[in-house]
Novice: 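I have a structure here, written as structure tokens, and I will follow up with some questions on it.
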2 protein chains.
Amino acid sequence: MKSLTTDIPQYLLIKAELQARIQSGALKTGDKLPSERELCAIFTTTRTTIRESLAQLEASGVIYRSDRRGWFVTPARLWLDPTQNTNFHKLCLEQGREPKTVLLNGRLTTVPLDVMKPLELQPFDQVYLLARLRYADGRAICYCENHCLPARVPELLRHDLNGSLTEVYQTHYGLTYTSMHLTFFPTSVPAHAAAALGIMEGLPALQLSRLNYDQHGRVLDYDIEYWRHDSLRIEVTTH
Amino acid sequence: MKSLTTDIPQYLLIKAELQARIQSGALKTGDKLPSERELCAIFTTTRTTIRESLAQLEASGVIYRSDRRGWFVTPARLWLDPTQNTNFHKLCLEQGREPKTVLLNGRLTTVPLDVMKPLELQPFDQVYLLARLRYADGRAICYCENHCLPARVPELLRHDLNGSLTEVYQTHYGLTYTSMHLTFFPTSVPAHAAAALGIMEGLPALQLSRLNYDQHGRVLDYDIEYWRHDSLRIEVTTH
DNA sequence: CAGTGGTCTAGACCACGGG
DNA sequence: CCGTGGTCTAGACCACTGT
């Protein structure tokens, strides 16, 4: 199997071989790849090498793993313009995807340290903490923690939080998102987010934090989101 | 070594151990970690396991590898607001980093397929293609391909392209970047970019494409950039 | 239950970096 | 030249999936 005429490592050749079968359409979105042991037989090599190829395809977002079920071809990315105030559900529907948001946990708690400063709070102030999971076409793609100010949205937990927060704010409190400060960077999924997303800790992810202001220019809430690295494309137009 | 009371895999324990030494400041920016074989001895395990820990720390951007030299603690990320029209050199200096841009290759060529559409060109039209590498504090962090329209910037290659393109446009052609369409997503470094950046093909990266317009609203050029995934934080403020 | 991926061992040889 | 990481072999056992 080892090439005699080049220095290209075997796992890159196998990677290219697999990628070609995906890009040509021979393997389509959602299709399952052969098992690792079958791939070993096909390419006459060991699992270590096969897994190196698979890991690289995973890093580029072409395939993903489902724990102990196998490797699958990644669906198209959802794209979003963070400077537009459109919500997740609208976004999905516009792109022909089926959205779902599930509230995992909602409670009043002492403000986490990394949230204290952006929200301009004191060490023992309380915030509503909502842990939510977002799906597109049944696939969990974003784990999201909203930190909301009780001063702005008292009794928040009485409302249905499985839908759009934007709408709850608007309907019950007359508050509208008007501006925000957004920061994001590539990193890997921390343990708690990985557990919620049903993926392995340490996979690459895009961490996105958002400090939202209402129509009066007051701080409204602070979100920390972890997006699957393979599920998202960001588009921004400036004028 | 295997824990008797938990199910946490060894490589995650080692990862946490290393991460603690970095976050506590015991290992500082730019410091070299012990060699993989030394780490094997320290943690009484094999290279496979050690390399799994290292790979995860690399994915989260905490450490990076320098080919056959070892593993190092990653410097702070450069941050940038893509909606502001500030150039790379200004950006670096504002953040106390030393910028450098190097022209790797500049030539007139037939428009690449993936660039044809955004630039609104025909299949055999010509563009200037500039391949450039950007450094912060001597570390290559971004590989950049500019595709420029000869109609807008005739004789472009006669000018010094190792600095800011913005300034060349302004000084020699009276053209100013005024708006843009930006799209980016996490993926992995393709071979040609990896070679230029001096890193391994397949490492995670942020691919960023930018379609620029001049002050007359005309398409000016199209950039494709690959940023090291560990070197960049993006910040956007909306109003 | 059989099959899958997740984790791990204990080696090997190579190409390249730096003194 | 030696030490480094890069690649690869040929196994092993486990936890979990789906039937």
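These figures come from a predicted structure and were not determined experimentally. Quick note on labels: first sequence line is chain A, next is B, and so on, each numbered from 1.
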Novice: Is the shortest side-chain heavy-atom distance between A:His229 and A:Leu206 below 4.5 Å?
Specialist: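 Not in contact.
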Novice: Does D:dC8 have OP1 or OP2 under 4.0 Å away from a side-chain N or O of A:Thr45?
Specialist: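 Negative; the distance criterion is not met.
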Novice: Using whole Å, what does the distance between atom P of nucleotide D:dT4 and atom CG of B:Leu39 come to?
Specialist: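 B:Leu39 atom CG is separated from D:dT4 atom P by 11 Å.
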Novice: With a 4.0 Å cut-off, would you call A:Lys15 and A:Glu17 a salt bridge?
Specialist: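 Not counted as a salt bridge, because no side-chain N and carboxylate O are separated by less than 4.0 Å.
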Novice: For the residue pair B:Gln207 and B:Trp227, confirm or rule out a side-chain donor-acceptor distance under 3.5 Å.
Specialist: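 Note: B:Gln207 and B:Trp227 side chains miss the donor-acceptor criterion.
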Novice: Could you state the NZ-C1' distance from B:Lys32 to D:dG5, rounded to the nearest angstrom?
Specialist: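 After rounding, the reported distance stands at 9 Å.
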Novice: Decide yes or no for B:Glu145 and B:Arg132: does some side-chain heavy atom of the first lie under 4.5 Å from some side-chain heavy atom of the second?
Specialist: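 SC-SC contact between B:Glu145 and B:Arg132 ruled out.
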Novice: Please report the distance, rounded to the nearest Å, between CD1 in A:Ile8 and C1' in C:dC14.
Specialist: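 One finds 16 Å between C1' of C:dC14 and CD1 of A:Ile8, rounded.
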Novice: D:dG6, D:dC8, C:dT7: which one has an atom nearest the side-chain heavy atoms of B:Asp67?
Specialist: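 So the nucleotide nearest the side chain must be D:dG6.
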Novice: Output the rounded distance in Å from NZ (A:Lys15) to P (D:dT7).
Specialist: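 Computing the A:Lys15:NZ to D:dT7:P distance gives 11 Å.
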Novice: Provide, to the nearest angstrom, the distance between the CE atom belonging to B:Met200 and the C1' atom belonging to D:dT4.
Specialist: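 Taking CE of B:Met200 and C1' of D:dT4, I get 14 Å after rounding.
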Novice: Would you say the base of D:dG3 and the side-chain of B:Arg37 have a donor-acceptor pair closer than 3.5 Å?
Specialist: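 No such pair is found, so the answer is no.
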Novice: Quick check: on DNA chain D, is the nucleotide nearest B:Trp71 upstream (toward 5') of the one nearest A:Arg68, or the reverse? Name the residue that is more 5'.
Specialist: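 Between the two, 5'-proximity favours B:Trp71.
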Novice: Flag the pair B:Glu98 and B:Lys100 as a salt bridge only when some basic side-chain nitrogen lies within less than 4.0 angstrom of an acidic carboxylate oxygen.
Specialist: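 Salt bridge between B:Glu98 and B:Lys100, a charged N being under 4.0 Å from a carboxylate O: no.
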Novice: Anything under 30° is parallel, anything over 60° is perpendicular, the rest tilted; go ahead and classify A:His147 against A:Tyr222.
Specialist: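 The rings of A:His147 and A:Tyr222 sit tilted, inter-plane angle from 30° to 60°.
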Novice: In whole angstroms, how far is the C1' atom of C:dC8 from the CG atom of B:Leu13?
Specialist: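 Atom CG in B:Leu13 sits about 14 Å away from atom C1' in C:dC8.
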Novice: Round to a whole Å and report the spacing from CD of B:Glu36 to C1' of C:dG11.
Specialist: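 The distance from CD of B:Glu36 to C1' of C:dG11 comes to 15 Å, rounded to the nearest Å.
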Novice: Quick check on C:dC8: is either OP1 or OP2 less than 4.0 Å from any side-chain nitrogen or oxygen of B:Tyr11?
Specialist: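 So the side-chain polar atoms of B:Tyr11 never come under 4.0 Å of the phosphate oxygens OP1 or OP2 of C:dC8.
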Novice: In whole Å, what is the span from the CD atom of A:Glu201 to the P atom of C:dG6?
Specialist: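 Going from A:Glu201 (CD) to C:dG6 (P), I get 14 Å.
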Novice: Would you please confirm or rule out a distance under 4.0 Å between OP1 or OP2 of C:dG18 and any side-chain N or O of B:Arg69?
Specialist: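 Answer is yes, contact under 4.0 Å.
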Novice: Would you say C:dT7 has OP1 or OP2 under 4.0 Å from some side-chain N or O of B:Gln10?
Specialist: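 B:Gln10 to C:dT7 OP1/OP2: no side-chain N or O under 4.0 Å.
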Novice: Looking at A:Phe184 versus B:Phe184, is the centre-to-centre ring distance below 6.0 Å?
Specialist: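 Yes, close enough.
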Novice: Using a heavy-atom distance cut-off of less than 4.0 Å, which residues of residues 46-66 of chain B contact DNA chain D?
Specialist: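 Here the set is B:Arg47, B:Arg51, B:Arg65.
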